[in-house]
Amino acid sequence: MRFSQLYAPTLKEAPSDAEVISHALLYRAGFIRKTAAGVYSYLPLAKRTLSKIENIVREEMNAIGAQEVTMPIIQPAELWKITGRWEDYGPEMMKLKDRHDREFTLGPTHEEVFTQVVKDELRSYKQLPVFLYQIGPKYRDEIRPRFGLLRAREFIMKDGYSFHDSQESLDEAYEACTRAYSNIARRIGLHYVITEAASGAIGGNESHEFVSFAPVGETNLLRCDRCGYSSNDEQAPYKGEYSKSDDVEKALTLVHTPNVKTVEQVAQFLNVKPSQIVKSLLFVGRNGFVMALIQGDRELNMEKLKVHVNDQSLRLAEPKEVFEAFGVPIGFIGPVGVKDLHVVADHGVKYMKNVVVGGMKEDHHYINANLGRDFTVDSYTDLRVVQPNDPCPNCGAPLSGSKGIELGHVFKLGTKYSKSMNALYMDQNGELKPFIMGCYGWGVSRTMAAVVEQLHDEDGIIWPKSISPFEVIITTVSMQDQNQKALAEKIYRDLMEKGIEVLLDDRELSPGMKFKDADLIGFPLRITVGRALTEGFVELKTRNQAKPQKIKTDGGAVVSKTIEALNEYDPHRKV
RNA sequence: CGGGGCGUAGCGCAGACGGCUUAGCGCGCCUGCCUUGGGAGCAGGAGGUCGCUGGUUCAAGUCCAGUCGCCCCGACCA
């Protein structure tokens, strides 16, 4: 490819809305343009990189016996109503209607469609297991798209689904996919970790995430340096101590706390520690309100609550809803005197005495409230978000925290979808049984951004060889110089003959602009044909190398040195 | 969806209190000359219904209302 013919509009300045480095660099380097909020167009450079990522994913999936298919993006609402996810997934789905007013969604994920396609054809255990996958666009109407490709409303994903007649068979596919994902991350050149994760709205009982390290990531990682445990903070169980109070129960008292709403404000106003307050949060689910109680200095893990009450549609209640139902602003909600309300508490609440809670009356809180005497709890569970320095659930050592980007997610779904969709096969004993299913996602477009987050410097992107749009760029310093021009052309042809993907910068531009573009786009290797040619040399420089090496132009060394440099190239290393 | 903010040339921005006449600046773009090792220089030039609709006014990018779009913060997940 010749740069003069390449559509790669590079920019000196980043657009003002680019918040994160991957967004700014992919934009400036001419990979992407924004079409709408959270919707991006992929230009030729991006298309090349995305294709390479897709091919790596494809090769690894094929290698474990998964078969590629393409399922429709448009899916009928009925399919989603069968499994109840039209409501559960609800607001996050892009919905549309056809001319007959029939409802559809642009697929955010494809469990229903895959199960539907398979259920009438796979009837015997002899036909199992089957593992299918596809690579294509997905649509999620995010509350707030942001961070460019990292949180888009339209994105490219590989999603796979496996169907089994036994847990052991599912375990095998799950293991295989985990290996495949490790290969993918390794071949792309990402630094990552595999963590235990929450399964969220996808459902199921076991789940792991592949998370690449990045400070802008939205996944909170918890890791144990002693035993190697790692987890998403949505999943990690709290295995620490609960502080137990032996204080004598004092008299319940309603106190005036004007305009004092948050835990911090209450603590300050009443001169108590946040750990002496019980935070009361109201959620709305399909059976109405649920009140959750947790010690004031701890964050509540909504995933844990959803699992505990077995309602994935659970969400934090709007202040308006709360006021309409209870006549109290959210800052003053509390468990004392509530009736006909499902109350769930964190284990820690059991051991607290003389706590501060909302007064269920505007501008009032109770002090010295005590469990059993003043309020009751229907059930207890672990509701805490585990934080750095909490003990490791495995070995008890303090956990450390870091941020990451979720790229891959594997789930053991079990029979959630096959049961509700009546997807049955016949086993050896002639019994009809629901498929045991697994589900495996990998974010392809997100991977491109995640790589940029890990591999860049002040000049631009530093692509790993495996997914760089081109492996080599040849920079012709002066297009007026016929010797330079001719040699650049020759190297260009020689490298292409060896199957190397090379871009020839044959533009009539000042050398500065060519160098800047090359660094910005981030090709692994640059061959400069310039002034050194008068002494019979060209220069060879990897993207992360400070100083170029000079190569004699005669004797075919250029091609061999190029191949050598590409093979040794490690984008993570600064040279 | 709630809160905050922004919409002026392809990009980044300036145009306070209502009036500098013809709405500017930098980058980019076009033409010519010159230049060719880190986003060169000189000269000339093109490009705007000031997001849209309505209102106030002798006069509106500028004030008001509505609307659309976008961005940021807020419990989202590939």
Side-chain angles (χ1 to χ4, degrees), chain A residues 9-19 27-28 33-34 36-39 57 89 91-92 108-110 135 137-147 149-160 181 197-202 207 209-212 217-220 232-234 281 283 299-303 305-306 314-321 385 404-411 439-447 449-450 459-460 475-481 484 507-520 526 528-533 539 541 548:
Chain A
T10 58
L11 253 34
K12 212 164 164 177
E13 291 172 275
S16 55
D17 56 358
E19 282 293 296
Y27 213 105
R28 283 187 55 208
R33 285 296 181 264
K34 187 169 72 181
V39 180
V57 170
Y89 223 109
E92 217 176 297
T109 173
H110 278 68
I135 300 173
K138 290 281 180 286
Y139 298 84
R140 293 187 190 173
D141 195 2
E142 299 285 350
I143 303 179
R144 188 150 86 83
R146 60 181 141 175
F147 302 148
L149 262 34
L150 291 176
R151 174 156 243 74
R153 293 195 294 174
E154 178 182 290
F155 57 97
I156 301 169
M157 178 170 145
K158 191 272 336 183
D159 52 326
Y181 279 16
S199 33
I202 308 285
S207 159
E209 285 179 351
F210 284 69
V211 181
S212 79
E218 296 176 89
T219 297
N220 294 311
N232 188 319
D233 74 344
E234 284 175 5
L281 299 163
F283 294 84
E299 217 181 322
L300 181 129
N301 184 326
M302 204 162 132
E303 289 302 322
L305 184 63
K306 281 182 182 175
L314 208 67
R315 60 175 174 79
L316 201 59
E318 308 271 333
K320 213 183 294 171
E321 290 173 305
V385 172
I405 298 165
E406 180 190 354
L407 294 178
H409 206 156
V410 293
F411 303 89
C439 149
Y440 319 87
W442 186 279
V444 171
S445 48
R446 182 182 272 184
T447 298
D459 292 318
T475 303
T476 317
V477 172
S478 170
M479 288 300 289
Q480 312 305 313
D481 184 323
Q484 286 186 24
R507 297 174 299 170
E508 304 266 359
L509 290 176
S510 68
M513 287 175 91
K514 294 185 180 183
F515 292 140
K516 287 287 183 190
D517 274 351
D519 286 348
L520 179 60
R526 188 180 81 205
T528 308
V529 182
R531 64 185 172 203
L533 183 56
E539 288 158 67
K541 184 178 112 45

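Fair warning: this is a prediction, and the values are worked out from it, not measured in the lab. Here is how names work: the chains are called A, B, and so on, in the same order as the sequence lines, proteins then strands, and each is numbered from 1.
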Identify the pairs formed between an N or O of the protein and an N or O of nucleotides 6-8 of chain B at a distance under 3.5 Å, and give each distance.
none

Protein-nucleotide distance (A:Glu209, atom CD; B:A78, atom C1'), rounded to Å: 9 Å
Contacts of type side chain to side chain contact (heavy atoms under 4.5 Å, CB included), residue A:Pro108, not counting sequence neighbours: A:Trp80, A:Tyr89, A:Met93, A:Thr105, A:Arg140
Touch class at under 4.0 angstrom, heavy-atom based, for A:Ala449 against every strand present: nothing
Between the protein and nucleotides 24-34 of chain B, list the N/O to N/O atom pairs that are separated by less than 3.5 angstrom.
| from | atom 1 | to | atom 2 | distance (Å) |
| --- | --- | --- | --- | --- |
| B:G26 | N2 | A:Glu13 | OE1 | 3.4 |

Touch class at under 4.0 angstrom, heavy-atom based, for A:Asp519 against every strand present: base
A:Arg315 (side chain) and B:G74 (base): donor-acceptor pair under 3.5 Å: no
Sugar-phosphate, base or nothing in reach of A:Ala14, heavy atoms under 4.0 Å: sugar-phosphate
Strand RNA chain B in bracket notation, Watson-Crick/G-U under 3.5 Å with | for pairs to another chain: (((((((..((((.....[....)))).(((((.......))))).....(((((..]....))))))))))))....
Sugar-phosphate, base or nothing in reach of A:Leu407, heavy atoms under 4.0 Å: sugar-phosphate
Protein N or O to nucleotides 69-73 of chain B N or O, pairs below 3.5 Å:
| from | atom 1 | to | atom 2 | distance (Å) |
| --- | --- | --- | --- | --- |
| B:C70 | OP1 | A:Ala37 | N | 3.3 |
| B:C70 | O3' | A:Lys34 | NZ | 3.1 |
| B:C71 | OP1 | A:Lys34 | NZ | 3.3 |
| B:C73 | OP2 | A:Arg144 | NH1 | 2.5 |
| B:C73 | OP2 | A:Arg144 | NH2 | 2.2 |
| B:C73 | O5' | A:Arg144 | NH2 | 3.2 |

Atom-to-atom span, OH of A:Tyr89 to P of B:A78 - whole angstrom: 6 Å
Base B:G37 to side chain A:Glu539, donor-acceptor N/O within 3.5 Å cut-off: yes
Polar side-chain atom of A:Ser478 near backbone of A:Gln480 as donor-acceptor pair, under 3.5 Å: yes
Name of the residue among A:Lys158, A:Glu209, A:His409 meeting side chain to side chain donor-acceptor pair (under 3.5 Å) with A:Tyr181: A:Lys158
Nearest-Å distance for atom pair CG/P, residues A:Asp159 and B:A78: 11 Å
From B:A75, B:G37, B:G38, nucleotide with atom closest to A:Glu299 side chain: B:A75
Sugar-phosphate only, base, or nothing, as touched by A:Leu520 at under 4.0 Å among non-hydrogen atoms: base
Touch class at under 4.0 angstrom, heavy-atom based, for A:Glu154 against every strand present: nothing
A:Leu316 side chain, from C-beta outward: closest of B:G37, B:C77, B:A75: B:A75
Sidechain N-carboxylate O distance under 4.0 Å for A:Glu508, A:Lys514: no
B:A78 base stacked by A:Trp442 (centroids within less than 5.5 Å, tilt under 30°): no
Salt bridge (Lys or Arg N to Asp or Glu O under 4.0 Å) partners for A:Arg531, two or more places apart: none
